[in-house]
Number of protein chains: 2
Amino acid sequence: MTPARKKPNINTSPLELMPDFQFAVSVDCVIFGYENDMLKVLLIKSDLPEFKSKWSLLGDLVHPDEDLDAASYRVLRERTGLEDVFLEQVHTFGQLNRHPAGRVVTTAYFSLINVKDHQLKQLDNELHWHPVNDIKTMAFDHKVILDTCHKTLQKKIQEEPIIFNLLEKKFSLRDLQNLYEAILGVSLDRRNFRKKLFTTDLLTDLDEMEKDVPHRPGKLYTFNHARYAKMKKKTFVGIDF
Amino acid sequence: MTPARKKPNINTSPLELMPDFQFAVSVDCVIFGYENDMLKVLLIKSDLPEFKSKWSLLGDLVHPDEDLDAASYRVLRERTGLEDVFLEQVHTFGQLNRHPAGRVVTTAYFSLINVKDHQLKQLDNELHWHPVNDIKTMAFDHKVILDTCHKTLQKKIQEEPIIFNLLEKKFSLRDLQNLYEAILGVSLDRRNFRKKLFTTDLLTDLDEMEKDVPHRPGKLYTFNHARYAKMKKKTFVGIDF
DNA sequence: GCAAAAGTGTTCACATTACACCCATGG
DNA sequence: CCATGGGTGTAATGTGAACACTTTTGC
């Protein structure tokens, strides 16, 4: 085997001379929200005839003068009107036949937003929140992308306090625990959960109470960003297969 | 703001009609190895005049009929002659001016191989192993890609027993500990390390000894893949910021 | 007063850390 | 016999898991 230089070589030809090696590149945003004790994702009806009745992630082609990250922020902004929200790259999907129109490589991002913080923009194509657990099929390979992002979300909320992006500024411990349980699909011991959260020292007690609840109101807290920024630096070493 | 449908739309035009929305797509492989107590990475001299004296990751354009994963396996195979090795996608880099030839989006993969298991193929362009800690600058944005993959490696060896891919089949506990220390850049207590590794129950004692060492020889072990496959299923829940 | 959820401590098992000495081998 | 690393145990501390009763509020 002498695996020599392939015919087209980016190092010796300008890109324009290699039309066969040009793909479309898109971004797809998995926008998670939390509503009625359920983890939800923002989806739109596909406008491709092939996927007429299927739901699709929010995505777009990357513009020629646009970074990947910028493209995903743009999609998010156009659809939700939100800026400065949590958005992170997850994985790139490049299967040959993932898009009926031709070769499209897509980079998936996941975003965490507070459902109540925003107005849905562009209400065509039935842009809607869907409970993640109810979604069985989607257009393209979007179900695979959603599942990948859901797993990434499950893992990351155990490593970093990103979960607060899904809640309103003020929340009760019960809100927070319900959200963990909704995302992880498990139930947690209430006392241990509270203890754990307080030892992280990342919650600021607002000395306020829930209102209009048909039971004893809980205290409200807020996430202490500043304190997290300080403690984040610590290195960690531990082997845990 | 009425963020309406953008002019070019993949859902309404065949891709061929959107030449401005076509990019080159490449893969870059960060191939890690372990030699002389150092974590190393396999690099090649860039053949672009812009980066004449700089080192570059092993990469190539993705072929039109090739998945991303297949492309990275191909690059790895062509350069190392190896098949069936650990290779995993890490991140996609799509900065506007990351490649002088034009718009190239690249997906980075990292691979873990046993340096002694293979013969370097295609020994042109000074394909060489470089200690990761000695590398200061690289061609393109490859230093950023390398750093990203190094961090991913550091994180993943603490979560999954992928580190064994870097060692020979038979290894001593000292080998394994040195490797952890080289990758993580820390030093670990020897007794605690051994205890920890034995409680994972993933090492098979071969009842063999090191040979030709200028000190008391250590026992040799091998990684028990079967046992790991069995125990892997366990779910884990724990919040750890 | 009833329903619903808030708030609160202790115990036990297990994991992590810190730490020091003798042993086997090659030279 | 000396240099080098191999091999081993224990005590203290910290962490995670299990578990039940009283309190506050709205109705």
Side-chain angles (χ1 to χ4, degrees), chain A residues 36-37 155 157-159 161 167-168 170-182 184-222 231 234-241, chain B residues 34 36-38 157-159 161 167-168 170-182 184 186-222 231 234-241:
Chain A
N36 300 128
D37 279 2
K155 194 169 168 217
I157 60 169
Q158 300 181 53
E159 297 171 350
L167 292 171
E168 303 191 66
K170 302 175 179 185
F171 52 84
S172 68
L173 277 173
R174 165 78 36 185
D175 291 335
L176 185 57
Q177 184 177 341
N178 284 346
L179 177 51
Y180 269 107
E181 292 178 340
L184 297 174
V186 297
S187 60
L188 304 170
D189 180 272
R190 203 165 89 256
R191 278 174 293 189
N192 292 337
F193 180 81
R194 298 165 86 90
K195 239 182 302 174
K196 178 79 191 192
L197 265 289
F198 287 133
T199 58
T200 64
D201 207 33
L202 289 173
L203 299 184
T204 303
D205 184 339
L206 291 172
D207 278 317
E208 281 181 66
M209 294 296 194
E210 291 180 296
K211 302 259 185 241
D212 304 315
V213 288
H215 55 76
R216 175 173 174 181
K219 277 188 164 192
L220 293 178
Y221 298 87
T222 195
M231 59 171 266
K234 286 179 213 157
T235 43
F236 65 111
V237 176
I239 302 154
D240 253 312
F241 300 150
Chain B
Y34 179 56
N36 301 128
D37 278 2
M38 285 180 288
I157 60 169
Q158 300 182 52
E159 297 171 351
L167 292 171
E168 303 190 67
K170 301 174 180 186
F171 52 85
S172 68
L173 277 172
R174 164 79 38 187
D175 293 335
L176 185 57
Q177 184 178 342
N178 284 346
L179 178 51
Y180 269 107
E181 292 177 340
L184 297 175
V186 298
S187 60
L188 303 170
D189 180 271
R190 202 164 90 255
R191 277 174 293 188
N192 293 338
F193 179 82
R194 299 165 86 87
K195 237 183 305 174
K196 177 81 190 190
L197 264 289
F198 287 134
T199 57
T200 63
D201 207 34
L202 289 174
L203 299 184
T204 304
D205 184 340
L206 291 173
D207 277 315
E208 282 181 67
M209 294 296 194
E210 290 180 296
K211 303 255 184 244
D212 304 316
V213 288
H215 55 75
R216 174 175 174 181
K219 278 188 162 189
L220 294 178
Y221 298 87
T222 195
M231 60 172 264
K234 286 180 213 157
T235 42
F236 64 112
V237 176
I239 302 155
D240 253 313
F241 301 149

Can you measure [X] atom [atom1] to [N] atom [atom2] for me and round it to whole angstrom units?
| X | N | atom1 | atom2 | answer |
| --- | --- | --- | --- | --- |
| A/R190 | C/dA5 | CZ | C1' | 7 Å |
| A/N178 | C/dA5 | CG | C1' | 11 Å |
| A/L176 | C/dA5 | CG | P | 17 Å |
| B/L188 | C/dC19 | CG | P | 15 Å |
| A/E181 | C/dA5 | CD | P | 13 Å |

In residues 191-198 of chain A, what residues come within less than 4.0 Å of DNA chain D, judged by heavy atoms?
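Only A/R191, A/N192, A/K195, A/K196 qualify.
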
Please work out which residues in residues 212-221 of chain B have a non-hydrogen atom less than 4.0 Å from an atom of DNA chain D and list them by number.
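Residues of residues 212-221 of chain B that come under 4.0 Å of DNA chain D are, in numerical order, B/H215, B/R216, B/P217, B/G218, B/K219.
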
Going by the rule salt bridge (charged side-chain N to carboxylate O under 4.0 Å, His left out), which residues pair with A/K195 if we only count those two or more places apart in sequence or in a different chain?
none

Taking side chain to side chain donor-acceptor pair (under 3.5 Å) as the test, write out the residues that go with B/D37, two or more places apart.
B/Y34

Taking C-beta and beyond as the side chain, do A/Y180 and A/L176 meet within less than 4.5 Å on heavy atoms?
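Result yes, sub-4.5 Å side-chain heavy-atom pair found.
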
Covered region of DNA chain D, 5' end to 3' end, by chain A [heavy atoms, under 4.0 Å]
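That gives a stretch of D/dG16 to D/dG26.
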
Side-chain donor/acceptor pairs under 3.5 Å, residues 201-212 of chain B, sequence neighbours excluded:
residue: B/D201; atom: OD1; partner: B/R227; partner atom: NH1; Å: 3.1
residue: B/D201; atom: OD2; partner: B/R227; partner atom: NH1; Å: 2.9
residue: B/T204; atom: OG1; partner: B/N224; partner atom: ND2; Å: 3.3
residue: B/D205; atom: OD1; partner: B/D207; partner atom: N; Å: 2.8
residue: B/D205; atom: OD2; partner: B/K219; partner atom: NZ; Å: 2.8
residue: B/E208; atom: OE1; partner: B/K170; partner atom: NZ; Å: 3.1
residue: B/E208; atom: OE2; partner: B/K170; partner atom: NZ; Å: 2.9
residue: B/E210; atom: OE1; partner: B/G218; partner atom: N; Å: 2.7

Counting the atoms with a prime plus P, OP1 and OP2 as sugar-phosphate, which does A/R174 contact under 4.0 Å by heavy atoms, base, sugar-phosphate, or nothing?
sugar-phosphate

OG1/A/T222 to CD/A/E168 distance, rounded to the nearest 0.5 angstrom?
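Answer rounded to 0.5 Å: 11.0 Å.
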
